[in-house]
Amino acid sequence: MKPTTGSTVLAEVRGLVVERGVGERPVLDGVDLTLRTGEVLALVGRSGSGKTTLALSLLGRVREGLTLRSGSVRVAGFDPFTPAGRSRVRGRLVGFLGQDPASALNPARRLGSTLREAAALVVPSGRRVPDRAERERRIRAALNEVELPTDPAFLRRYPHQVSGGQAQRLALAVATIGDPRLLVLDEPTSGLDPGLAEDLTARLSERHRQAGGAMLLVSHDRQLIEALADRVLRTEEGRLEPRRRSDTMPRPTPRLASPPEPAGPPLLELDGLRATHGRRVAVEGVSLTVRAGGCTALVGPSGAGKSTVARCLLGLHPSWSGELRLAGAPVPADFRRRTRAQRRALQLVAQDSVAALNPRESVRRALLRPLAEGGNGVLEEEAVRLLERVGLSPVLLGRLPHELSGGERQRVSLARALAASPRVLVCDEVTSALDTETRDSVLELLTELRHTAGLGMVLITHDPEVRAAADRVVTLTEGRVITGEQAATTGGGPR
């Protein structure tokens with residue numbers, strides 16, 4: 001998809017400098033960028049390299065803790081950093097899907113209300129506001145495009161009542177409901193299973209071809225980039241470097257060898273799990289076992305119930321039944337009834353890193369609290385060691401979550417979970433926001449912890465490389481475990 005002859009400049013960035021603090025390397029250092037109609041431009045680079053910062057500048061946004069020092073941004077001739085330009089750009093000229101879509105949805109508003117508000121921003125030609133019929137038509141079309149239900153029961157749900165993948169698709173529906181001329185997508189496939197990601201890629205390609213707009217794509221998904229991008233730029237130390245599309249093609253990565261399932265008695269046992277969302281049964285008859293040093297991967301399509309299982313294991317789901325045992329001892333379903341040792345023994349690394357971290361709590365405080373509760377002596381040194389283990393610099397200790405990139409937040413969440421010295425780690429899409437190199441280093445760390453510390457793991461994932469690190473795979477569909485023969489058709493199943 002190359003820009004058509006006679007295409008015009010839709011977005012232009014000139015000399016953009018965004019800094020974090022005195023003495024620190026700029027996040028963006030004199031960046032120039034031009035995006036024309038009919039073009040898909042992909043941004044790649046390591047986590048924390050400035051990709052999201054550049055994408056947000058097209059909406060006139062700079063994250064807290066960062067400062068726009070110089071440069072200019074224009075979208076269709078408007079400056080999004082001015083009040084007048086911002087009102088013309090956001091939700092009208094530019095549709096935006098952020099890296100943490102679940103956090104972008106108002107937890108107090110039903111899904112239907114969120115969609116109707118987005119549809120109301122669209123002003124059809126010749127009318128002041130869209131009428132109700134036009135709004136409902138746009139809502140149905142947007143939901144159909146991302147393969148979400150359009151029935152009233154679904155629209156009455158709240159964000160916490162849908163899966164991470166469904167929240168991702170809902171946020172995309174909100175971003176595209178007004179047919180924006182520029183679509184800015186930050187990791188649009190990170191929470192989706194491979195089949196749905198491939199289908200969504202095809203739909204985005206078709207939408208772009210028909211609409212004739214432009215797209216800025218921030219992604220670690222090589223297949224998505226190869227399918228959609230006309231140009232690829234890499235962020236490196238605050239600057240942009242051109243890349244060939246062939247540079248983004250999948251490369252063989254070392255398969256993280258996993259030994260056979262460890263011997264010995266089960267460390268974690270879940271039998272006959274049944275969980276509901278209101279009157280709807282979300283999970284039925286799910287059982288799984290994890291041994292010390294073992295790893296069970298929980299896979300399946302978006303909305304299959306994987307995150308619900310994780311919340312039940314942690315005692316965070318409001319309504320579930322079944323038997324949960326840790327080292328043979330029963331564990332209460334309700335988190336509030338669990339002992340302190342049981343709470344520390346089971347730790348979650350959540351898919352939504354924004355919601356998982358206290359926005360008012362620095363990285364230092366987030367790590368020191370579980371360390372202090374565990375009676376660890378040299379707290380500051382241990383916090384530094386934990387950050388370094390997950391590939392982060394100690395300079396991040398003083399920062400708040402909104403001052404971190406998505407990948408940095410994900411790794412801080414992992415470090416905080418490890419600070420509690422857990423016996424079982426439940427990781428919900430722990431690598432979804434990470435570049436390939438960082439993902440492999442995190443997986444190597446998790447494998448090392450299993451082998452050296454006997455840590456048991458439950459990995460919820462769509463990533464084949466993550467799944468390859470497990471010694472057991474449980475596949476869910478529509479809230480139930482499916483057999484090996486059934487799973488073979490979906491690429492899952494126990495082994």
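In this text, all values refer to a predicted model and were calculated from it rather than measured experimentally. For the numbers below, each heavy atom of this structure counts, side chains included, while hydrogens, waters and symmetry mates do not.
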So L183 and L185, do their side chains get closer than 4.5 Å, heavy atoms only? yes
Identify the two heavy atoms, one from G293 and one from D471, that lie closest to each other, and give their separation to 0.1 Å. O-OD2, 4.4 Å
With rounding to the nearest 0.5 Å, note down the distance linking CD in Q166 to CG in L148. 6.5 Å
Got a donor-acceptor contact below 3.5 angstrom from the R338 side chain to the R343 backbone? no
Would you say that L324 contacts L268 through its side chain, given a criterion of any heavy-atom pair below 4.5 Å between the two side chains? yes
Sequence neighbours left out, cut at 3.5 Å: what donor-acceptor pairs do the side chains of residues 412-423 make with other protein atoms?
residue: S413; atom: OG; partner: R409; partner atom: O; Å: 3.1
residue: R416; atom: NH1; partner: A356; partner atom: O; Å: 3.1
residue: R416; atom: NH2; partner: A356; partner atom: O; Å: 3.0

Around R61, counting heavy atoms of other residues, nucleotides and ligands shown, do more than 12 lie under 6.0 Å from its CZ? no
Mind listing the closest non-hydrogen atom pair of P159 and L111 along with its distance? N-CD2, 3.9 Å
Take V162 and F154 through the side chain to side chain contact (heavy atoms under 4.5 Å, CB included) test and state the conclusion after the steps. CA-CA 9 Å; V162 299; F154 180 78; 4.0 Å; yes
Would T176 and V146 count as a side chain to side chain contact (heavy atoms under 4.5 Å, CB included) if you check the C-alpha gap in whole Å, the side-chain angles of each, and the deciding distance to 0.1 Å? CA-CA 10 Å; T176 59; V146 296; 5.5 Å; no
Of all pairs that satisfy salt bridge (charged side-chain N to carboxylate O under 4.0 Å, His left out), the ones with a partner from residues 288-304, not counting sequence neighbours: E261-R291
Sub-3.5 Å donor-acceptor pair from the side chain of K51 to the main-chain atoms of T235, do we have one? no
When you compare the side chain of L217 with that of P188, does any pair of heavy atoms fall below 4.5 Å? yes
Check step by step if side chain to side chain contact (heavy atoms under 4.5 Å, CB included) holds for E136 and I139. CA-CA 5 Å; E136 294 303 316; I139 289 172; 4.2 Å; yes
Do the side chains of E117 and R109 get close enough for a salt bridge, i.e. N-O under 4.0 angstrom? yes
Locate the shortest heavy-atom distance separating P301 from T477; write the atom from each residue and the value. CG-OG1, 4.2 Å
Spacing of S321 atom OG and L273 atom CG [to the nearest 0.5 Å]: 7.0 Å
Main chain of E429, side chain of Q410: is a donor-acceptor contact present, judged purely on distance under 3.5 Å? yes
When you measure from the side chain of R472 to the backbone of T296, do you find a donor-acceptor pair of N or O atoms at a distance under 3.5 Å? no
Go through it in stages, so that I can follow the logic: the residues are H317 and H277, the test is side chain to side chain contact (heavy atoms under 4.5 Å, CB included), and I'd like the CA-CA distance, side-chain angles, deciding distance and then a yes or no. CA-CA 9 Å; H317 191 76; H277 286 297; 3.2 Å; yes
Listing, residues 279-290 side-chain donor-acceptor contacts under 3.5 Å, not counting sequence neighbours, or none:
residue: E284; atom: OE1; partner: R274; partner atom: NE; Å: 3.0
residue: S287; atom: OG; partner: G272; partner atom: N; Å: 3.0

Rounded distance [0.5 Å steps], CG in L346 versus CG in L314: 6.5 Å
Please name all residues satisfying salt bridge (Lys or Arg N to Asp or Glu O under 4.0 Å) with R137, sequence neighbours left out, ordered by chain then number. E134
According to the salt bridge (charged side-chain N to carboxylate O under 4.0 Å, His left out) rule, which pairs have a member within residues 302-325, sequence neighbours left out? E269-R325, D271-R325, E323-R325
Heavy-atom distance under 4.5 Å between the side chains of N358 and R369, does that happen here? no
Is a donor on one side and an acceptor on the other found under 3.5 Å between the side chain of E382 and the backbone of L367? no
Would you mind reporting whether L170 and L143 have side-chain heavy atoms less than 4.5 Å apart? yes
Minimum heavy-atom separation for C295 to L459, with atom names? SG-CD1, 3.5 Å
Roughly how far, to the nearest 0.5 Å, is CG of L316 from NE2 of H160? 12.5 Å
For N106 versus A108, what's the shortest heavy-atom pair and its separation? OD1-N, 2.9 Å
Taking the side chain as every heavy atom from C-beta outward, state whether R110 and R156 have any atom pair closer than 4.5 Å. yes
Could you pull out the closest heavy-atom pair between L224 and S219, with the gap in Å? CD2-OG, 3.8 Å
Suppose we screen for salt bridge (Lys or Arg N to Asp or Glu O under 4.0 Å). Which residues come up paired with E147, at least two apart in sequence or across chains? R203
How long is the gap from CG on D186 to OG1 on T52, to the nearest 0.5 Å? 3.5 Å
Between E388 and R385, is there a salt bridge with N-O shorter than 4.0 Å? no
For R411, run the side chain to side chain contact (heavy atoms under 4.5 Å, CB included) check against V390, L387, L386 and tell me which one passes. V390
Using modelled atom types and a 3.5 Å cut-off, is there a donor and acceptor pairing between side-chain atoms of E187 and backbone atoms of H220? yes
Is there a side-chain contact between L115 and V174 (heavy atoms, below 4.5 Å)? yes
Separation between CG (L172) and CD1 (I177), nearest 0.5 Å, reads 11.0 Å
Within a strict 4.5 Å, meaning less than it, do heavy atoms of the L404 and V363 side chains meet? yes
